[in-house]
Amino acid sequence: MKERLLLTILLLTSAIFAHGQTTVWEMDTLTCDTTIVRHWQDEKYIIYTNNSSGHGTVQYHDNASGTTVSADLLPNVLIRDFRIAHDTVFAGGTCLSHGFLACFDINMFVSGYFVANYLYFYLPYTFFPGADCGIGGNIEIVDVTRIALFEDGGATRIAYIAENHNYFSSSSVYDSRMGYGDAAFLSGTWWDVCTYYYNKDAWDIFTDICVTQNKIVLTARSDDYINIRFQAFKKVRDFANVPHFPAGYGFDNHKALGKVMVTPIKDDIVSIAYHYSESASGGLAIRTIDFSSVTPSLLCGLDIPENTSTINQWQMGEMRYCSKDAALLILNTVYDPLDGCKPYIFCLTAPLSPAMPSTLAVEYYPLQKEMQSLDLFDVKRLITSGHGGSRLASVATKPCASPAACSISGATAARTTSPTILLWNRHQCTFPPSNSTGYLPIHASSNNIHLICN
């Protein structure tokens, strides 16, 4: 299976292949286990790192000038996801088993003044929902795992996915569920916090969230017979607290493994991707879905099969859509029994076309570092972050349409598929999450980065 598993649909023109080159930067003083990178503007980006001892940092990099600014976070603060809008970073994560949201101004950070405004879900909410939800006791949001941003009422709102625990007789007796809600930082220490929703049966493991022109779309892996779940809400404040809860949908043609990821394409169209298994085989599934009507429709489906017993050790990463090149970028980590875990980038072109041949030639691009996050760097480049064997934090920019520079490529085949979208509803349980708010100034300093591949 060597150098064989990360795939790119071969619908690319020679002009696309000629664009750009790869650049890899490494931080020579910063070791890490986890990284997340997001592009800000021009050659500038923000990167979060965390190591096994719990030491977290937030860094600003300017690749054009070599400028860096770094801030060490407090111990036990773990950021799971962050996004950038209006020169502000919005983040979600966990601290000492309590979920939080936070934001900070990038321009202030660049000037050496890092101040994070935070919303901390630390007070359990005593909730007696009655017969429909069938759960009583203290409910607490313990981890914010994924976020997306949208504008409403003049504020940038954070739509988030979170894990909540329903505690009963003691702190060690609880049920774990996944849910979602939204909040916005308004001014001072004031956060507008809206209703939180979770499924009472704990069947849906929500793993990703995105916003389209008019919708908030969530995806999940489910423990019942409908294994892939997705749901769309109106893109408004308090989106989870609706009088008529929108229907949920899904696929049941094969079993999902791990995360089901989603990214907007255009208008109210999204693509979702996940690893799947079918008896002794498995692979990568990609589905492009249109949510513009009351009932969602499947525009196209693609299965990239792989006959391997290690499919359950594959890990789905982030995905982005580069509209300039019509390229759907998917970051994956694939386990090989000889080589261990290897990161790859899939690049599927024209994912909106329903008129595809039954079999497609595909290419894959392995990465030279253990890359963990993915974002668009500009209109024609992608940026990834991770670390190498020395665990030094690294970032790499590559052309979206030909990410093989500083690397190699391989080929395999993919097939089109048209699974039926099924309707499936859940019991809705909601509560207003208790919280505290405040702000925290942190000292900022500089850090070195070095160009290691160009």
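Note: F230 and F251 meet the aromatic proximity criterion, with ring centroids under 6.0 Å apart. For Y198 and H165, the distance between ring centers is not under 6.0 angstrom.
You'll find the side chain of F100 stays beyond 4.5 Å of the side chain of V144, heavy atoms only. By the 4.5 Å heavy-atom criterion applied to side chains, L284 and M316 are counted as neighbours. Using a 4.5 Å heavy-atom cutoff, the side chains of D303 and R287 are in contact. Here the side chains of V270 and T288 are not in contact, with every heavy-atom distance at 4.5 Å or above.
Judged by the 6.0 Å and 45° rule, R38 forms a cation-pi pair with F82.
Put simply, OG on S176 and CG on D143 are 9.5 Å apart, with the number rounded to the nearest 0.5 Å. Atom CE of M319 sits about 9.5 Å away from atom CG of N332, to the nearest 0.5 Å. Interatomic distance, CG of L218 versus CZ of R229, reported as 10.0 Å (0.5 Å rounding). Between Y45 atom OH and D62 atom CG the span is 9.0 Å, to the nearest 0.5 Å. Between L74 atom CG and C95 atom SG the span is 7.5 Å, to the nearest 0.5 Å.
There is no side-chain donor-acceptor pair under 3.5 Å between T145 and E163. For N214 and D268, the side-chain atoms include at least one donor-acceptor pair closer than 3.5 Å. Side-chain atoms of H55 and D72 form a donor-acceptor pair, as typed in the model, at a separation below 3.5 Å. Side-chain atoms of T57 and T49 form a donor-acceptor pair, as typed in the model, at a separation below 3.5 Å.
For NZ of K235, the number of neighbouring non-hydrogen atoms (other residues, nucleotides, ligands) closer than 6.0 Å is greater than 12. Under a cut-off of 6.0 angstrom, the local environment of NZ in K44 is crowded, with over 12 non-hydrogen atoms contributed by other residues, nucleotides or ligands.
For the side chain to side chain contact (heavy atoms under 4.5 Å, CB included) with I449, the qualifying choice from T67, N63, V395 is N63, the only one to do so.
Between R146 and E318 there is a salt bridge, since a side-chain N of the basic residue sits under 4.0 Å from a carboxylate O of the acidic one. Checked for salt-bridge contact, E43 and R381 meet the test: a charged N lies under 4.0 Å from a carboxylate O.
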Quiz item: Going through the distances and angles, do Y180 and F206 end up as a ring pair (Phe, Tyr, Trp, His ring centres under 6.0 Å)?
Solution: CA-CA 9 Å; Y180 43 84; F206 294 101; 5.0 Å; yes
Quiz item: When you look at Y196 and F431, which way does the ring pair (Phe, Tyr, Trp, His ring centres under 6.0 Å) test go after all the steps?
Solution: CA-CA 6 Å; Y196 178 80; F431 71 91; 5.3 Å; yes
